[in-house]
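Below is one structure, written out as structure tokens; the observations come after it.
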Amino acid sequence: VDEFRDGALARALLDEIARTVTRPWRIMEVCGGQTHTIVREGIDTLLPDGVEYIHGPGCPVCVTPLETIDRALAIARTPGTVFASFGDMLRVPGSQGSLLDAKAAGADVRIVYSPLDAVAIAERERGKRVCFFAVGFETTAPANAMAVLEARRRGLSNFSVLAAHVLVPPAIEAVLGEPDRRVDGFLAAGHVCTVMGTSEYVPLAARWRVPIVVTGFEPLDILEGTLMVLRQLEEGRAEVENQYARSVREGGAPAARRAVEAVFEVAPRKWRGMGEIPRSGLRLRGPYADMDADRVFGTGAIEVEEPPECRQAEVLTGRIKPFECAEFGTRCTPERPLGAAMVSAEGACSAYFRYGRGPSGAALPMARRQSPAAAAGGAP
Amino acid sequence: VSAAAEGPSCPVGISRGETVILGHGSGGRLSAELLERVFLPRLAGDALGRLEDAATLRVGGGTIALTTDAFVVTPRVFPGGDLGSLAVHGTVNDLAMVGARARYLAASFILEEGLPLEELDRLVESMARAAREAGVEVAAGDTKVVGRGAGDGCYITTTGVGEIARPSRAPISVSSVRPGDAILVSGPIGLHGIAILSCREGLGFEAEVASDSAALWPLVDALLDAAGDGLRALRDPTRGGLASALCEIAAASRLAIEVEDAAVPVPRAVRAACEMLGLDPFYVANEGKLVAAVAPEAAEDALFALRSHPLGIDAARIGTALAPREGRGEAGLVTARTRSGGRRVVQKLPGEQLPRIC
């Protein structure tokens, strides 16, 4: 029954959007989870002509620089090491293969669903060094901080984290500061604000005269958030509004913020395709530096250039749509990705590929959706 | 120059250093690729090349159905079933998908040194019960023992021989679906895969979800009676889930399929678990469901027959086969109408690595 109710509500919101809009607008949904909802549901194809979603950089896996992947691979290949990671980092290509390739070649790479699982492995297997790949936005930082605190509490000296955390507001600011700014309004990521609150966005909206609506992830959330941004744009307002009030409070979640504060400090951070952004990452504070995997494994010096054949930097900043890349669906598939955006659960390329999305909302041509064997150059 | 031109024995060049990865066992795109690159060029005759769930073969004066399946699920005991019962259901269901009633099974056990005999006994007892209930006799078998560390406790392979139940009717085949045919599913999807995931350590959720593992022959028998020659194709959406089953039907029959998201039965607990784990229920395995393509005039009767059986109470019509043409009717294309009124393409599972579920 709720499916049909949802359908009727979606139609009502779409009608209201159509009544509200008088001119073209470009809205960036920051979070890759929202991108997936939009493409999966075909929401972008239902908006009035000229209203466009620009997919944002909100995919932590995608913006993790190649050198961090290479550091992860170097750690995973170190004998006597267990490398624990969330599943969607495993297929991200480094300079030489992925963590999945390393696993197939004998490295002890394990998928965990929570960083505390990695702590439990470290406790069970004291003779091994256990490294957890701490990737994510403000949403996963509290759990990762808890894992560090828990490892310390249990006195585990064989546990470390490869920290690759990124923060959302500095990325929004970087997008706004581009000389050819192409974004009129933002859907901010609801779950990030559940942790951090909404106050960080107020100065951003004021300084850059841009509406920011904190928005959830369900299709109806996206439609309502979009309507709220469009109303602000049409009325000339630039405010922070909260569509996701059922989960987000102004101050966020204080206990979670305290755990993050205790373990991590804000640091400059390199974003794949966007370069270094000041104050946009988290690193371990001094008292926990002995759990910094780069120190434990001596991988801090690994630096590499991004591969030129992957255009995900342009995708992640909204300059091109995935299907406009010549490699998309041909040389670059989920099985043989050229870049992280094709394999991350939040990557825009992965959304367009999974849901077979080609130009103008049409299905991708079969030639770009066929089996990977055929795409690799052979005939079945 | 395509790799195919370089020699008939290896259609897609295998490069040095390539290894088998877990995704090759996903039942999705990589599994299909492994078939295309390694197995079919070397092994395929007429029967294997048709890629049905079971082969139908002329033997002596009659027609039999033949299939085989290996079971490596972990954990070996899960809510709603275990490795023993699954090894029976999986194989008798593959036979049922070509309209065959399972008669005989052969079973091979690969046992790892150290497996408690009590556990093995319980698995075999469960296997015997499932076989009895499915009306199939275990007629041949083999056991091998490997050293500790060379296997994961117990693997079972079952091979089934079945009897085509209505030999005079048109063959049930994934390649015989026609435009306008109704696409039915026999009940809620995703239960088996989520039941398996729910009992793995560290997952942090306890879904009240039991596997749907069951023998499907009674449902197929009822469908054959109700829909007659209107029953065109059957597929059990196991590994790779509903999406892969639909894609295989569309590709084999060279037509398009459109389904309605809102019509596909997904239990609340499955939906919630999928959201938490970042999975799509369309790709989650089932072990007691079937997808049927039925002629439009027989669709009502077929649905009624399914719903009249305890295994098919929640059966639903989820979509329609469409003639291949330009745009969304392209041959092999599966699309879904979303709840918001949009449309998306439904692909075979792209290289996801899922844990061992069957």
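All values derive from a computational prediction rather than experimental measurement. Proteins get letters first, then strands, A, B, ... in listed order; numbering begins at 1 in each.
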Spacing of [atom1] belonging to [X] relative to [atom2] belonging to [Y], to within rounding of 0.5 Å:
| X | Y | atom1 | atom2 | answer |
| --- | --- | --- | --- | --- |
| Arg354(A) | Phe282(B) | CZ | CZ | 12.0 Å |
| Asp101(A) | Glu18(B) | CG | CD | 10.0 Å |
| Ile21(B) | Leu90(A) | CD1 | CG | 10.5 Å |
| Thr338(B) | Leu46(A) | OG1 | CG | 6.5 Å |

*Where on Glu260(B) is there a heavy atom nearer than 4.5 Å to chain A: the side chain, the backbone, both, or neither?*
neither
*At a heavy-atom separation under 4.5 Å, does Thr19(B) approach chain A through its side chain, its backbone, both, or neither?*
side chain
*Do Arg339(B) and Glu218(A) meet the salt-bridge criterion of a basic N to acidic O distance under 4.0 Å?*
no
*Heavy-atom pair count under 4.5 Å with chain A, highest-scoring of Leu35(B), Asp280(B), Leu34(B)*: Asp280(B)
*Is a donor on one side and an acceptor on the other found under 3.5 Å between the side chain of Gln347(B) and the backbone of Tyr355(A)?*
no
Give the minimum heavy-atom separation between [X] and [Y], together with the two atoms involved.
| X | Y | result |
| --- | --- | --- |
| Gly356(A) | Val345(B) | O-CG2, 3.4 Å |
| Ser340(B) | Glu41(A) | OG-OE1, 2.8 Å |
| Arg40(A) | Asp261(B) | NH1-OD2, 3.7 Å |

*Evaluate whether atom CZ of Arg254(B) has more than 12 neighbouring non-hydrogen atoms of other residues, nucleotides or ligands under 6.0 angstrom away.*
no
*In terms of heavy-atom contacts, does CG of Asp15(A) have more than 12 from other residues, nucleotides or ligands at under 6.0 Å?*
yes
*Would you mind checking which part of Leu13(A) comes under 4.5 Å of any heavy atom in chain B, side chain (CB onward), backbone (N, CA, C, O), both or neither?*
neither
*Which residues share a salt bridge (Lys or Arg N to Asp or Glu O under 4.0 Å) with Glu248(B), sequence neighbours left out*: Arg235(B), Lys348(B)
